[in-house]
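Every heavy atom of this structure was used, including side-chain atoms; hydrogens, water molecules and symmetry mates were not. Residue numbers start from 1 in every chain, and the chains themselves are labelled A, B, ... in the order their sequence lines are given, proteins ahead of strands. Note that the coordinates shown come from a computational prediction; the quantities given were computed from them, not determined experimentally.
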Number of protein chains: 2
Amino acid sequence: MNISELAQHLGVAVSTVSRVLSGNADKYRISEKTVQRVQKAAEKYRVVPDPLGAGLRKGKLGMIGLLVPDITNPFFSTLARAIELRFRDTGIAVQLCDSAEDPATEIALLNKLLSRRLDGLIVAPVGEVSDELKSAVSNSPMPLVVLDRLLPGVSVPSVSIDNIKAGKLAANHLIESGHKHLGCLRGNCRAISDQERLKGVEEAMREAGLDPATLSIAGTGYTRELSLLSATELLTLSPRPSGIISLSGQGILGILEASRASGLSIPRDFSVIAFDEQPWSALMQPPITTITQPIESMAEKAVFLLNLEGRAKEVTPEVVEATLCRRESVAAVN
Amino acid sequence: MNISELAQHLGVAVSTVSRVLSGNADKYRISEKTVQRVQKAAEKYRVVPDPLGAGLRKGKLGMIGLLVPDITNPFFSTLARAIELRFRDTGIAVQLCDSAEDPATEIALLNKLLSRRLDGLIVAPVGEVSDELKSAVSNSPMPLVVLDRLLPGVSVPSVSIDNIKAGKLAANHLIESGHKHLGCLRGNCRAISDQERLKGVEEAMREAGLDPATLSIAGTGYTRELSLLSATELLTLSPRPSGIISLSGQGILGILEASRASGLSIPRDFSVIAFDEQPWSALMQPPITTITQPIESMAEKAVFLLNLEGRAKEVTPEVVEATLCRRESVAAVN
DNA sequence: TTTACTGGCGCAAACGTTTGTTCTCTTCTA
DNA sequence: TAGAAGAGAACAAACGTTTGCGCCAGTAAA
């Protein structure tokens, strides 16, 4: 039953029912008695205004879009949950899309989302910037905020950590522990975040008087197979880097697998730091030292920037703080 | 620009543009020339029929709902991705909701989803059945399929593993390895799946001549803290169970943490099997033996049952096969 | 008793499609 | 040459809301 049928049943106008059910009763001076009558009936027959009709009329659907590169990655699933939670009370639904770390899929999904009548869009890009992506993002007809892996050269509200700083944080921890020969396992080398983390590592080395040219770098791609391959590459180098940084959250799994396959032991044979805290980080043998991103606060800021109340748009990138979580996967060397 | 503006711009009727853009050109005998002209212009001005208007008219929105208990759980995030992927080509979007393992939230979200004009709904329930949940599910105005944790007594298409059989599978592996004193860490003890897995374990014990009364059981709830607590409880029993089964995917993390805290070593001090394969299962020290659910095939069957083409509804529960993945967390005892 | 005001509610347009029906041309046949 | 047939496209109703405006009755002020 829809509200016009309900109105007919009650012998009142559709508009009256609409006003009552959307909470605008007093704004339009509907008598308390009528309000009660309508509410009772609406409850009884379980009638709720159809979001489609309302959406069409209001030009909004009460729904935002969330595009992530990989919902399977704990970082993004935690983020997704945090974001959805924040919208729950406001009655706004979240439509999730997963671009599977593929730029082409990303563009296609983004365009589809942009053509839907959403209230806003939160995009965590794959990280590879194309002109098409840039123009799609910057010409968005709806509020849009970019999360995590930023799009350089696009003026749009965003929130992420300072990846250079985070890279330095990781490198410095290794350097302070006495490591001189560092290695990096990259995730997606076309992503700015990855590049910046790497840059941070190199800067830290320079500042510590180490030659960035001695940094061993491997890896491209997030799949299990690729990271295993690249990690093996890194571990079979001679001399083997004594301190390794996984620039992505999944990379560490490849490193662990490769380490095991090579019969190496952490942190005896090498130390390791991984980006992104995972549920199992502390439970590995040894517990893994991580660079932790403040997911809750990222979600909060993203939602704030999305700015559904219509306040002025912030285009200053919002930066949140990454922290080092020290565990036993990093050992001091002489 | 919407299609009526485009129509005006081209000097044709809206209906003509609509028919061209929705691929019904020949069905309504639109001349090839007009088709070309409309398509060209639509492409040029990037005009796509508004899903809201279309949805309102057609009574469908081209979107299904997916309700999961915890998107942070790898099992569900993998499932979500698999499902979304299968709908991608058909142009159907997936709206994700996370009930956070909370029955009340689940009801609220379910009702909200049911009142939206969706093409279908896939529900992976928290597992606690209430009359309200039952009636909401069975009175669904749209195609609906239940996934994973079933709702007994509700006649609705469903897909899951045979949890009793899976429980037996786990228990038998331990029993065959010589374990006589078993323990179970439950997830949500009100969920049928949990109860059935437990029943399977007990049956296996009985069949092997073991007294089910000797089975040690602990645990309720999926949070980190709760599973740590319950796992500790299990491990400090005396005598300590020599073979432990985590009935839920997250439980194993609690067991590992408790084991570490108690200075115990797996599988020297006790053996362990966990439900649900996780990305890190094979990378733990020792690699964890798991009961693996065929996620891809569950997604496939769920989508098939959702049956958007309007074929007859299957109400026979679809059962898929769980498998044992043997690793080193189970050792043979004398 | 008239005028002015206001509380309470209904009317109808608009949002952007889709689709059954109707209208207008051509062109072909008798 | 008249009529029919059919191709091509326009018309208009419907989908279910929201919302500006206007109507009516009752009350208070003059």
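At least one side-chain nitrogen or oxygen of B:Thr34 sits closer than 4.0 Å to the OP1 or OP2 atom of D:dA9. Contact check, A:Ser4 against D:dG16: no side-chain N or O comes under 4.0 Å of OP1 or OP2. Between C:dT19 and B:Ser18, no contact under 4.0 Å exists linking OP1 or OP2 to a side-chain N or O.
Using modelled atom types and a 3.5 Å distance limit, the side chains of A:Gln36 and A:Glu32 yield a donor-acceptor pair.
Taking atom CZ of B:Arg29 as the reference point, atom C1' of C:dT22 lies 12 Å away to the nearest angstrom. Rounded to an integer number of Å, the gap from A:Lys58 NZ to D:dT19 C1' is 11 Å. Atom CG in B:Leu52 sits roughly 14 Å away from atom C1' in C:dA14 (whole-Å rounding). For the pair A:Tyr28 OH and D:dT18 P, the interatomic distance rounds to 11 Å; values are reported in whole Å. Atoms CD (A:Glu5) and P (D:dG16) sit 7 Å apart, rounded to a whole Å. If you measure from atom CG of A:Leu6 to atom P of C:dG10, you get 12 Å, rounded to the nearest angstrom. Residue A:Asn24 contributes atom CG, which lies 16 Å from atom P of C:dG10 at whole-angstrom precision. In this structure, the CG atom of A:Asp50 is 19 Å from the P atom of C:dC15, given to the nearest Å.
For the pair A:Leu56 and B:Ser15, both in contact range of DNA chain C, the more 5′-proximal nearest nucleotide belongs to A:Leu56. Of the two residues contacting DNA chain D, namely B:Val12 and A:Lys27, the nearest-nucleotide position lying further toward the 5' end is that of B:Val12.
Side chains of A:His9 and A:Tyr45 form a contact here, defined as non-hydrogen atoms less than 4.5 Å apart. In this structure, B:Leu114 and B:Leu121 have side chains that are in contact, with non-hydrogen atoms separated by less than 4.5 Å.
Within 3.5 Å, a donor on the side chain of B:Arg19 pairs with an acceptor on the base of C:dG20, or the reverse. Contact annotation: side chain of B:Arg57 to base of C:dT17, donor-acceptor pair absent below 3.5 Å.
Counting any heavy atom pair closer than 4.0 Å across all strands shown, B:Val48 reaches sugar-phosphate atoms only and no base atom.
More than 12 heavy atoms of other residues, nucleotides or ligands sit less than 6.0 Å from atom CD of B:Gln39.
For the pairing with A:Glu296, the salt bridge (charged side-chain N to carboxylate O under 4.0 Å, His left out) check across A:Lys301, A:Arg86, A:Arg81 returns one residue only, A:Arg86.
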